Undergrad: 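Structure incoming, see below.
Note that these values count all heavy atoms, side chains included, but never hydrogens, waters or copies made by symmetry. All values derive from a computational prediction rather than experimental measurement.
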Amino acid sequence: MKRILSILVGLFFCGIGALATTAEDSKLEGFFKDYLEERFRLAPLDATRLGDHRYDHLLDDLSPEALERQREFTRGVLKRLPRAVDYKKLSRDGQIDFEILRHELETALWLDENMKPFETNPRVYNEYISDSVFQLLAQSPLPKETNVSNAIGRISFIPRVVSASRANLKNPPRVVLETAIRQNKGSIAFYDKGIFEIVGETPQRERLQKATAAVVPVLKEYDAFLEKELLPRAKGEWRIGKRKFDKKLEMVLDAGMSAEQVLRDAETEFERVTAAMHTISRELWSKYYPKEAFPPETPSGRRRAIERVMAAVNQEHGKPEELVADARATVDRIKAFIREKDILNLPEPDRCQIIEMPEFQRGNSVAYLNSAPPLEPDAPSLYAISPPASDWTPARAKALLEEYNSHMLQILTIHEAYPGHYVQLEYSNRSGSLLRRVLQSGVYIEGWAVYTEQTLLDQGYGDRDPRLRLMQLKFYLRAVGNAMLDHKMHAGKMSDEEAFAFLTEGAFQSEEEARQKIVRAKQTSVQLSTYFVGRMAMQRLRDEMQMKLGERFNLGRYHEAVLEQGSVPVKYLRELVGTRLK
């Protein structure tokens with residue numbers, strides 16, 4: 001098995017950004033490969049996600065005993081690391097990789113002990129129940145019949161996942177369980193019908209039908225358990241409290257910032273962005289309200305000016321059934337602009353596929369980018385968009401389309417795909433460090449995506465249309481507001497009513513978007529802060545390097561220097577990029 005993984009890794013180790021190494025660096029690489037071998041054996045879904053397909057026919061054992069074995073494994077790796085690798089003998093790049101691995105292990109243990117996800121978060125099990133099979137069929141580059149066969153094998157383990165869920169779940173927060181119930185209903189629909197639409201014609205159809213026919217009743221029984229047994233006693237506290245929030249933010253973000261620093265920066269930035277939105281609303285006012293006087297320079301007047309102009313811009317949207325097609329239509333002009341302005345070199349060939357988000361994955365966001373696995377960079381990446389659900393009222397569907405109007409949809413595509421998540425993760429997958437390809441920083445990933453929204457407009461994308469700029473600022477204000485909401489809901493006592501008022505009146509979000517964001521905030525402590533923290537780190541680094549290099553600064557080459565480091569914790573970027581560009 002080790003030989004297979006070594007060959008697999010070797011195929012991609014000659015990618016961009018090759019690092020200078022020492023003999024001790026090779027020891028660290030070997031230690032990390034051994035770690036992955038055992039981790040993949042214990043967690044087949046992790047192996048699939050990272051691009052190793054030897055375990056695609058299996059699923060993780062999530063029983064209490066197996067989860068304890070995984071914890072013991074992580075503790076053991078953390079203990080062996082400094083014995084196996086001499087930190088002082090590593091190159092500086094190797095030392096950074098060592099620190100990333102050590103921090104990853106420490107964070108995993110802390111989260112397991114303090115957050116207890118398998119006891120409190122029923123959504124976790126849905127990843128094994130449905131995502132695990134969908135990824136094989138929608139994204140794996142292996143032959144179709146191999147993927148179908150593996151999917152059939154993996155489906156056979158779903159009853160064990162359900163059984164483990166029933167044994168592990170204790171007292172989840174009601175809001176988390178409600179989302180899990182909705183997603184499980186989507187899983188039932190997936191195995192009842194959706195999976196056959198994805199697979200199409202196959203000689204294994206009869207075997208697949210037999211497997212799904214066996215699992216659908218299990219999921220229906222699971223649905224009854226979640227709704228009738230677990231929901232009445234789901235009284236867990238979703239608010240994690242200041243102490244845990246501060247520590248979790250420090251460990252998960254790994255950005256060298258405290259929770260209080262993040263909140264102070266966000267509050268300052270919130271005022272700045274709101275003022276910029278007011279300036280653009282003044283510019284657009286006469287286009288939409290030529291016979292009305294611009295609102296007065298008072299707090300309520302400024303808010304009304306922004307709201308009125310955005311309300312008019314929001315009407316410029318497509319039809320519900322065309323949302324995915326409209327997103328596809330934005331791609332060509334965005335890519336053409338990136339090439340024309342030399343924002344960076346786009347990856348070739350383009351492997352990004354734009355799809356409609358599967359029903360069982362909906363509930364927390366309108367879009368996501370599921371990138372090619374780090375060990376399988378030639379696989380497709382999926383940019384998924386969630387149109388209004390078929391059971392939504394016309395008013396609710398209209399609200400979503402207004403939120404993601406034709407201008408905002410372009411900002412969304414910049415963020416999720418070009419030159420945001422898709423482009424960045426394609427670069428990351430070709431980093432010279434296996435460890436950096438696998439252990440990715442969410443702060444870096446989200447920060448880069450938010451940074452690119454403003455950068456493209458600053459360079460002239462969209463012919464300097466103020467409507468685009470207004471939507472970009474609104475999108476960014478959402479990231480800033482996310483960090484404030486995250487802190488105040490988990491480390492403070494912000495109520496749903498206060499959060500709703502803040503999002504709709506302060507952050508100018510639609511009522512539907514605000515409701516979804518409150519649900520998401522309760523379920524994803526700290527994650528909502530990653531966008532703002534990452535974007536501020538990216539912008540500060542850009543400003544610093546531009547001032548330092550002066551006339552030698554080249555935007556495209558700077559961007560490539562940032563991306564070639566892999567998705568590292570942002571606290572390392574100044575050192576790494578500075579070395580690359582000196």
Side-chain angles (χ1 to χ4, degrees), residues 266-320 322-323 326-327 329-330 333 366 388 392-415 453-454 456-458 460-482 484-485 497-518:
E267 289 174 337
T268 300
E269 189 75 345
F270 197 85
E271 293 182 7
R272 184 192 70 80
V273 177
T274 303
M277 292 174 68
H278 181 251
T279 299
I280 295 173
S281 297
R282 185 190 299 277
E283 180 182 352
L284 283 167
W285 181 266
S286 61
K287 174 181 174 64
Y288 296 106
Y289 306 105
K291 297 182 180 180
E292 296 185 40
F294 189 71
E297 290 288 342
T298 62
S300 62
R302 287 192 288 271
R303 185 170 63 249
R304 186 161 68 252
I306 297 171
E307 288 174 340
R308 292 282 304 280
V309 171
M310 286 201 305
V313 173
N314 287 348
Q315 304 311 307
E316 298 164 1
H317 62 74
K319 300 176 181 178
E322 297 174 354
L323 185 62
D326 289 345
T330 67
R333 62 176 175 268
V366 74
W392 280 15
T393 64
R396 189 178 181 187
K398 185 174 185 293
L400 179 73
L401 293 172
E402 290 175 352
E403 187 73 16
Y404 292 93
N405 56 67
S406 59
H407 311 288
M408 182 64 89
L409 202 56
Q410 295 177 69
I411 304 301
L412 183 69
T413 300
I414 291 170
H415 178 104
E453 300 160 16
Q454 177 177 319
L456 251 63
L457 268 60
D458 286 350
Y461 173 75
D463 297 322
R464 295 175 175 79
D465 186 337
R467 296 171 297 180
L468 266 177
R469 178 65 77 178
L470 185 62
M471 291 300 104
Q472 178 263 313
L473 287 170
K474 178 188 176 184
F475 208 48
Y476 176 46
L477 188 70
R478 181 182 305 177
V480 181
N482 282 350
M484 296 169 64
L485 186 75
E497 293 74 22
E498 291 169 333
F500 186 78
F502 168 69
L503 292 171
T504 55
E505 297 173 16
F508 307 103
Q509 295 185 22
S510 70
E511 293 187 0
E512 178 60 31
E513 182 77 14
R515 290 190 187 97
Q516 289 190 21
K517 186 58 61 63
I518 292 169

Undergrad: Find the distance between CG (Asn314) and OG (Ser406) and round it off to the nearest 0.5 Å.
TA: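 OG of Ser406 is found 10.0 Å from CG of Asn314.
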Undergrad: Checking Lys474 against Met408 for the side-chain contact (heavy atoms from CB on, under 4.5 Å) test, could you report, in this order, the C-alpha distance in whole Å, the side-chain angles of both residues, the deciding distance, and whether it holds?
TA: CA-CA 9 Å; Lys474 178 188 176 184; Met408 182 64 89; 3.8 Å; yes
Undergrad: With rounding to the nearest 0.5 Å, note down the distance linking CZ in Phe294 to CG in Leu284.
TA: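 So the gap between those two atoms works out to 10.0 Å.
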Undergrad: Decide yes or no for Arg467 and Tyr288: does some side-chain heavy atom of the first lie under 4.5 Å from some side-chain heavy atom of the second?
TA: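 Heavy-atom side-chain distance check passes, below 4.5 Å.
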Undergrad: Salt bridge (charged side-chain N to carboxylate O under 4.0 Å, His left out), that's the test. Do Arg304 and Glu307 meet it? Break it down for me.
TA: CA-CA 5 Å; Arg304 186 161 68 252; Glu307 288 174 340; over 6 Å; no
Undergrad: Locate the shortest heavy-atom distance separating Asn405 from Met471; write the atom from each residue and the value.
TA: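 Heavy atoms only, the tightest pair is ND2-SD, 3.5 Å.
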Undergrad: When you measure from the side chain of Thr504 to the backbone N and O of Glu511, does any donor-acceptor pair fall under 3.5 Å?
TA: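 Checking the backbone N and O of Glu511 against the side chain of Thr504, no donor-acceptor pair under 3.5 Å is found.
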Undergrad: For residues Gly506 and Leu477, report the shortest heavy-atom separation together with the two atoms involved.
TA: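 Shortest heavy-atom contact: O-CD2, 3.9 Å.
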Undergrad: Within the 4.5 Å heavy-atom criterion, are Leu473 and Glu453 side-chain neighbours or not?
TA: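 Counting from C-beta outward, Leu473 and Glu453 never come under 4.5 Å.
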Undergrad: Donor-acceptor check, side chain of Glu512 to backbone of Ala399, threshold 3.5 angstrom: yes or no?
TA: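 Checked: no pair found.
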Undergrad: Side chains of Tyr404 and His317, heavy atoms from C-beta outward: is any pair under 4.5 Å?
TA: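 They are not in side-chain contact.
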Undergrad: Which atom pairs, donor and acceptor, lie under 3.5 Å between side-chain atoms of residues 276-283 and protein residues at least two apart or in another chain?
TA:
residue: Thr279; atom: OG1; partner: Ala275; partner atom: O; Å: 3.2
residue: Ser281; atom: OG; partner: Met277; partner atom: O; Å: 2.8
residue: Arg282; atom: NH2; partner: Glu297; partner atom: OE2; Å: 2.2

Undergrad: For Gln509 and Arg515: C-alpha separation, side-chain torsions, deciding distance, then whether side-chain contact (heavy atoms from CB on, under 4.5 Å) applies.
TA: CA-CA 10 Å; Gln509 295 185 22; Arg515 290 190 187 97; over 6 Å; no
Undergrad: If I take atom NZ from residue Lys398 and atom CZ from residue Arg396, how far apart are they, to the nearest 0.5 angstrom?
TA: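 Separation between the atoms: 15.5 Å.
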Undergrad: Using a 4.5 Å cut-off on heavy atoms from C-beta on, say whether the side chain of Ile414 contacts that of Tyr461.
TA: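 In short, these two side chains touch, coming nearer than 4.5 Å.
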Undergrad: Test side-chain contact (heavy atoms from CB on, under 4.5 Å) on Thr330 and Leu412 and set out the steps.
TA: CA-CA 10 Å; Thr330 67; Leu412 183 69; over 6 Å; no
Undergrad: Using the rule side-chain contact (heavy atoms from CB on, under 4.5 Å), only one of Arg464, His407, Gln454 pairs with Arg469; which is it?
TA: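 Exactly one option meets the side-chain contact (heavy atoms from CB on, under 4.5 Å) with Arg469, and it is Gln454.
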Undergrad: Answer yes or no: is there a side-chain heavy-atom contact under 4.5 Å between Phe475 and Arg478?
TA: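 When only atoms from C-beta onward are counted, Arg478 and Phe475 do touch, with a gap below 4.5 Å.
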Undergrad: Side-chain contact, heavy-atom cut-off 4.5 Å: Asn482 with Lys517?
TA: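 Asn482 vs Lys517: side chains touch.
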Undergrad: Between Gly301 and Pro295, what is the shortest heavy-atom contact and its length?
TA: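 For Gly301 and Pro295, the tightest heavy-atom pair comes out as O-CB, 3.4 Å.
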Undergrad: Kindly compute the distance separating CZ (Phe508) from OG1 (Thr274), expressed to the nearest 0.5 Å.
TA: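 If we round to the nearest 0.5 Å, Phe508:CZ and Thr274:OG1 are 5.5 Å apart.
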Undergrad: So Leu470 and Met310, do their side chains get closer than 4.5 Å, heavy atoms only?
TA: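 Counting from C-beta outward, Met310 and Leu470 do come under 4.5 Å.
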Undergrad: Residues in side-chain contact (heavy atoms from CB on, under 4.5 Å) with Glu292, at least two apart?
TA: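 Glu292 satisfies side-chain contact (heavy atoms from CB on, under 4.5 Å) with Trp285, Tyr289, Arg308 only.
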Undergrad: Rounded to the nearest 0.5 Å, how far apart are CD1 of Ile518 and CG of Leu485?
TA: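 If we round to the nearest 0.5 Å, Ile518:CD1 and Leu485:CG are 7.0 Å apart.
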Undergrad: State, with a plain yes or no, whether a side-chain heavy atom of Arg333 is found less than 4.5 Å away from one of Gln410.
TA: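 Yes. Closest side-chain heavy atoms under 4.5 Å.
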